[in-house]
Amino acid sequence: MGGAGGGERRTLVLSAFPAEADAVLSHTALDPDPVVIVDRRHFYLGSIAGKNVIVAMTGIGLVNAVDTTEAALARFGIGAVVFSGVAGGGARARIADVAVPARWTQDSGSTFRPVDPTMLATAETLSVAMESAARRIDLRRRPQIVVGGDGCSWDNNNGVAFPCIPNGGDVFGCQPRTAPDRSFRYTGNFRHAAGRWVRSALISNLNIVSTADPAFDATDMETAAAHAVADAHGVPFLGIRGITDGPGDPLRLPGFPFQFFCYKRIAAANAARVTAAFLQSWAGA
């Protein structure tokens with residue numbers, strides 16, 4: 001199905017879970033035959049702001065991010081990688097802001113990888129009108145783009161892939177709800193990952209730990225892992241993350257996961273808006 005032939009190089013736009021991917025797809029003009037399946041993973045070919053892209057949902061967690069990024073780089077001609085999704089905030093970033101860190105860590109700050117400097121420089125020039133109200137939520141302020149600083153990625157899945165849940169909604173589901181090939185029969189990685197995850201990671205994953213960290217502008221479960229793969233292949237990388245939990249909550253909810261489920265849509269939408277604006281402004285790899 002589909003293809004990205006002709007030797008063209010596209011920007012790979014990754015998101016972790018359905019709500020994030022749907023926000024990106026809302027800005028995507030899909031190709032006439034947009035679906036390419038690689039090792040059970042679905043990739044969607046199209047354009048955002050006139051730039052050729054491949055949109056993919058990695059699944060939650062470091063292992064899924066690595067596997068999906070590796071699969072894409074092995075199959076397609078990728079000129080750059082952008083991760084668009086949500087994160088916990090801290091440092092300078094508040095709820096519904098969009099953080100674009102200058103560097104990312106997977107070991108809580110012992111080591112860092114810098115993002116591509118030309119991509120970061122483009123992000124510094126952006127001015128984007130972002131959502132500040134949704135579903136009876138009014139932030140009473142205009143969300144900002146916070147460029148620079150540090151991002152951190154982690155998960156507590158003990159080195160195994162987190163399984164999606166077939167028809168599991170906009171966080172745990174296996175496909176974006178607006179995917180052109182959405183099927184209620186699609187099981188994603190559930191059959192392959194669920195058993196091992198239950199044996200190795202279920203108990204540790206039940207520990208509710210805030211993804212917000214005052215030491216970092218953005219804290220998530222995928223970006224640094226995808227970044228490491230892109231670096232290994234010599235592909236430019238940028239992470240763009242809307243903030244779901246942390247400071248700046250007008251409802252004063254008790255942190256994660258309550259803030260996450262309340263603000264995930266507005267944060268994902270703002271991240272996707274910044275991603276589209278970035279692609280429009282960026283000259284390319």
Side-chain angles (χ1 to χ4, degrees), residues 13-28 48-51 82-104 115 118-152 170-171 178 210-220 222-223 238-282:
V13 182
L14 298 172
S15 295
F17 57 81
E20 296 175 335
D22 282 323
V24 172
L25 286 171
S26 73
H27 294 271
T28 306
I48 297 176
K51 304 292 176 59
V82 176
F83 211 112
S84 177
V86 305
R92 301 170 298 157
R94 297 186 292 172
I95 284 174
D97 287 349
V98 175
V100 188
R103 58 183 192 166
W104 286 86
V115 302
T118 60
M119 297 174 80
L120 188 69
T122 297
E124 290 173 339
T125 70
L126 300 178
S127 177
V128 181
M130 291 188 285
E131 293 187 19
S132 61
R135 291 191 174 184
R136 301 179 185 174
I137 299 168
D138 186 353
L139 296 171
R140 299 189 291 275
R141 60 180 174 83
R142 181 178 178 181
Q144 304 294 313
I145 304 174
V146 179
V147 180
D150 297 336
C152 176
D170 65 357
V171 174
T178 57
S210 176
T211 57
D213 188 326
F216 303 102
D217 287 320
T219 308
D220 63 45
E222 299 86 22
T223 305
L238 189 70
I240 299 173
R241 288 285 186 167
I243 303 304
T244 55
D245 49 286
D249 180 4
L251 301 180
R252 299 182 181 179
L253 297 173
F256 182 88
F258 304 97
Q259 288 179 329
F260 168 81
F261 282 101
C262 181
Y263 296 110
K264 68 181 185 301
R265 288 185 181 274
I266 191 170
N270 284 345
R273 287 189 182 193
V274 172
T275 298
F278 166 79
L279 290 170
Q280 184 173 38
S281 299
W282 184 47

* Taking the side chain as C-beta and beyond, is there a heavy-atom pair between V24 and I48 under 4.5 Å? -> yes
* **N/O donor-acceptor pair under 3.5 Å between D22 side chain and T178 backbone** => yes
* Heavy-atom pair with the smallest gap, counting every atom of A99 and A218 -> CB-CB, 4.0 Å
* To do: Look at the side chain of D245 and the backbone N and O of F260, then say whether any donor-acceptor pair between them is shorter than 3.5 Å.
  => no
* Quick one: closest heavy-atom pair of P143 and S132, and the distance? => CD-CB, 3.6 Å
* Would you say D150's side chain and F216's backbone share a donor-acceptor pair under 3.5 angstrom? -> no
* Closest non-hydrogen atom pair, A19 against A268 -> O-CB, 4.0 Å
* To do: Test D97 against every option in R141, R92, R241, R142 by the salt bridge (Lys or Arg N to Asp or Glu O under 4.0 Å) rule and name the one that passes.
  => R141
Residues 120-127 side chain polar contacts: donor-acceptor under 3.5 Å, at least two apart:
{"from": "T122", "atom 1": "OG1", "to": "T118", "atom 2": "O", "distance (Å)": "3.2"}
{"from": "T125", "atom 1": "OG1", "to": "T122", "atom 2": "O", "distance (Å)": "2.6"}

* Calculate, to the nearest 0.5 Å, the distance between atoms CD1 and SG belonging to I137 and C262 respectively. => 3.5 Å
* Close side-chain approach of R273 to H27, heavy-atom, < 4.5 Å -> yes
* If you look at every heavy atom in I95 and G248, which pair is closest and at what distance? -> CB-O, 4.0 Å
* To do: For side-chain contact (heavy atoms from CB on, under 4.5 Å), just list the numbers for I243 and V146, CA-CA rounded to whole Å, side-chain angles, deciding distance to a tenth of an Å, and then say yes or no.
  => CA-CA 10 Å; I243 303 304; V146 179; over 6 Å; no
* **Minimum-distance pair of heavy atoms, taken over all atoms of A93 and P247** => O-CG, 3.5 Å
* Just wondering, do D220 and W104 contact through their side chains at under 4.5 Å, heavy atoms? -> yes
* To do: Measure the shortest side-chain to side-chain distance between V128 and V98 over non-hydrogen atoms and say whether it is less than 4.5 angstrom.
  => no
* **Minimum side-chain heavy-atom gap V13-L279 below 4.5 Å** => yes
* Structure fact -> Residue pairs passing the side-chain hydrogen bond (donor to acceptor under 3.5 Å, both in side chains) test with at least one member in residues 250-272, sequence neighbours excluded, are D170-R265, D249-Q259, D249-Y263
* **Distance-minimising heavy-atom pair for T223 and G239** => CG2-CA, 4.0 Å
* To do: Answer whether the closest heavy-atom distance between the side chains of I145 and M130 falls below 4.5 Å.
  => yes
* Quick one: does E20's side chain have a donor or acceptor within less than 3.5 Å of a partner on V86's backbone? -> yes
